[in-house]
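Here is the structure we will look at, set down as structure tokens.
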Amino acid sequence: MSTPSTGKAVVAGVDGSETAVAAARWAGAVASRIGAPLHLVHSMPPEGIFYSEAAVLVQSQMIQQLEEDGKKLLADAAERVRADHPDLEIGSFIGPGPAAKSLLEAAEDARLVVMGATGAGALENFLLGSTVLRVANHAPCPVVVWRGDTDAPLPDSRPIVVGVDGSELSSAAVTHAFDLASALNVPLRAVHSWIGDAALGVGATAALVDWDAVETSETAVLAETLAGWSDRHPEVTVDRVIDRGPATKVLLAHLDDAQLVAVGSHGRGQFRAALLGSTSQNLLHKAPCPVLIARTS
């Protein structure tokens, strides 16, 4: 297996599941559109499978077999991607486990990391959940958790949705969403939600709140975040949406005809170093399409 270069590749995790293959095909399509190589990454199980010295030979044989199996998984995934994009540069790499470690190492010089939302079997699904969260929380580049129909994984003409809340991470999500919409030649739907919570007044006190002023202020948040982007990407058609309600509920309501949703790893009002916020985590579990998680360095 060749070692990934430092050429800002798109990285895709491969574990043998159909979801991972679909994610790799999606990643290959994006890599082809943006002129980047694709690096397929598979990880070996962590060391210490066996604990008895008498089992060293068995462990050695098993590791050798696991490596051969990994090479086959990577070769099969590469073949599926090449069927979509014959001229795409594809590299393959087997790294040390756990899976998150290999993917985070590959992410250090990556433009994008792509993972399937589910793995190969019940145990793998459970383990991949922790892998997805760890990579999404710590990768220095955007992370796409692929969800959807494994029989039709490639990008199409449907819009990309981006969640906007005025935070720095939301601005990062807008950046990546515009770039991806431009590369795929699709429209962008910028969605901002707001909700009258205790800080704004509930019950009897709600009557004392100037909700028109609040809505005007929230409209300004969306306008300020999108300012200048249409000039930088005039080819991208932008639909601006402002809805009142919880962020996850509002975003999910606008994903029925979307091919991807982009959000920051957490929103305004949370610690910068916090782990994934509730909106991004909910979307990872409920979105019908791939979810792009944006982080800032």
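Within the 4.5 Å cutoff, the side chain of Arg189 has no heavy atoms near those of the Val162 side chain. Between Pro187 and Val238 the shortest side-chain heavy-atom distance does not fall below 4.5 Å. Proximity of Val261 to Val263: side-chain heavy atoms (C-beta onward) are separated by under 4.5 Å at one or more points. Counting heavy atoms from C-beta outward, Leu188 and Pro159 have side chains that stay 4.5 Å or more apart. Here the side chains of Asn282 and Leu251 are not in contact, with every heavy-atom distance at 4.5 Å or above. With contacts defined as side-chain heavy-atom distances shorter than 4.5 Å, the pair Trp26/Leu154 does not qualify. Residues Pro98 and Arg134 form a side-chain contact, since some pair of their non-hydrogen atoms from C-beta on lies under 4.5 Å apart.
Considering every non-hydrogen atom in both Ala12 and Leu38, the closest pair reads CB-CD1, 4.3 Å. Closest approach of Lys8 to Ala36, counting heavy atoms only: O-CB, 3.9 Å. Taking each heavy atom of Leu226 and Ala190 in turn, the nearest pair found is CD1-CB, 3.8 Å. In this structure, Gly245 and Ser193 approach most closely via the heavy-atom pair O-CB, 3.5 Å. Scanning both residues, Ala139 and Ala107, for their nearest heavy atoms gives CB-CB, 4.2 Å. Across Ala20 and Val14, no two heavy atoms sit closer than the pair CB-CA, 4.2 Å.
Within the 3.5 Å criterion, the main-chain N or O of Val81 finds no donor-acceptor partner in the side chain of His85. The main-chain N or O of Gly228 is found under 3.5 Å from a side-chain atom of Arg232 such that the two form a donor-acceptor pair. At least one donor-acceptor pair under 3.5 Å links the side chain of Ser102 to the backbone N or O of Pro96. Judged by distance alone, with hydrogens and angles left aside, the side-chain atoms of Gln259 form no donor-acceptor pair with the main-chain N or O of Ile160 at under 3.5 Å. In this structure a side-chain-to-backbone donor-acceptor pair under 3.5 Å is present from Arg158 to Ala258.
How far CH2 of Trp194 is from CG of Leu222: 13.5 Å, rounded to the nearest 0.5 Å. Note: Leu73 CG to Glu68 CD = 11.5 Å, rounded to the nearest 0.5 Å. Interatomic distance, Thr279 OG1 to Lys249 NZ, rounded to the nearest 0.5 Å: 13.5 Å. Atom CG of Asp76 is separated from atom CG of Leu40 by 11.0 Å, given to the nearest 0.5 angstrom. Rounded to the nearest 0.5 angstrom, Ser265 OG and Leu292 CG are separated by 11.0 Å. With rounding to the nearest 0.5 Å, the separation of OG1 in Thr248 from NE2 in His285 is 12.0 Å.
In the hydrophobic clustering of this structure, Val291 groups with Val241; members are Ile, Leu, Val, Met, Phe, Trp, Tyr whose side-chain heavy atoms approach within less than 4.5 Å, directly or through other members. Under a hydrophobic clustering in which Ile, Leu, Val, Met, Phe, Trp and Tyr are joined whenever their side-chain heavy atoms come within less than 4.5 Å, directly or via other members, Val11 and Val21 fall into different clusters. Cluster membership for Phe93 and Leu104, using ILVMFWY side-chain heavy atoms within less than 4.5 angstrom, is shared.
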Chi angles and distances behind the side chain to side chain contact (heavy atoms under 4.5 Å, CB included) call for Leu88, Arg82 = CA-CA 7 Å; Leu88 180 64; Arg82 285 197 180 94; over 6 Å; no

Apply side chain to side chain contact (heavy atoms under 4.5 Å, CB included) to Val135 and Met115, showing your working.
-> CA-CA 9 Å; Val135 174; Met115 300 177 289; 3.9 Å; yes

Carefully, step by step, assess Val221 and Asp165 under the rule side chain to side chain contact (heavy atoms under 4.5 Å, CB included).
-> CA-CA 7 Å; Val221 170; Asp165 67 7; 5.9 Å; no

Go through His192 and Asp243 one step at a time and tell me if the side chain to side chain donor-acceptor pair (under 3.5 Å) criterion holds.
-> CA-CA 6 Å; His192 176 64; Asp243 277 350; over 6 Å; no

Start with the C-alpha distance between Val164 and Val191, add both sets of side-chain angles, then the distance that settles side chain to side chain contact (heavy atoms under 4.5 Å, CB included), and finish with yes or no.
-> CA-CA 6 Å; Val164 178; Val191 178; over 6 Å; no

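Pairs engaging residues 140-153 under the side-chain hydrogen bond (donor to acceptor under 3.5 Å, both in side chains) rule: none recorded [sequence neighbours left out].
Partner of Val144 under the side-chain contact (heavy atoms from CB on, under 4.5 Å) criterion, chosen from Leu112, Ile293, Val10: Leu112.
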Enumerate donor-acceptor pairs with a distance under 3.5 Å from any side-chain N or O in residues 175-184 to protein atoms, sequence neighbours excluded.
unit_1 : atom_1 : unit_2 : atom_2 : d
Thr175 : OG1    : Ser171 : O      : 3.1
Asp179 : OD1    : His233 : NE2    : 3.1
Ser182 : OG     : Glu235 : OE2    : 2.5

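Residue-environment remark: CD (Glu79) stays at or below the threshold of 12 foreign heavy atoms within 6.0 Å. Counting heavy atoms of neighbouring residues, nucleotides and ligands inside a 6.0 Å radius, atom CG of Asp69 exceeds 12 of them.
Salt bridge present: Arg25 and Asp84 bring a charged side-chain N and a carboxylate O closer than 4.0 Å.
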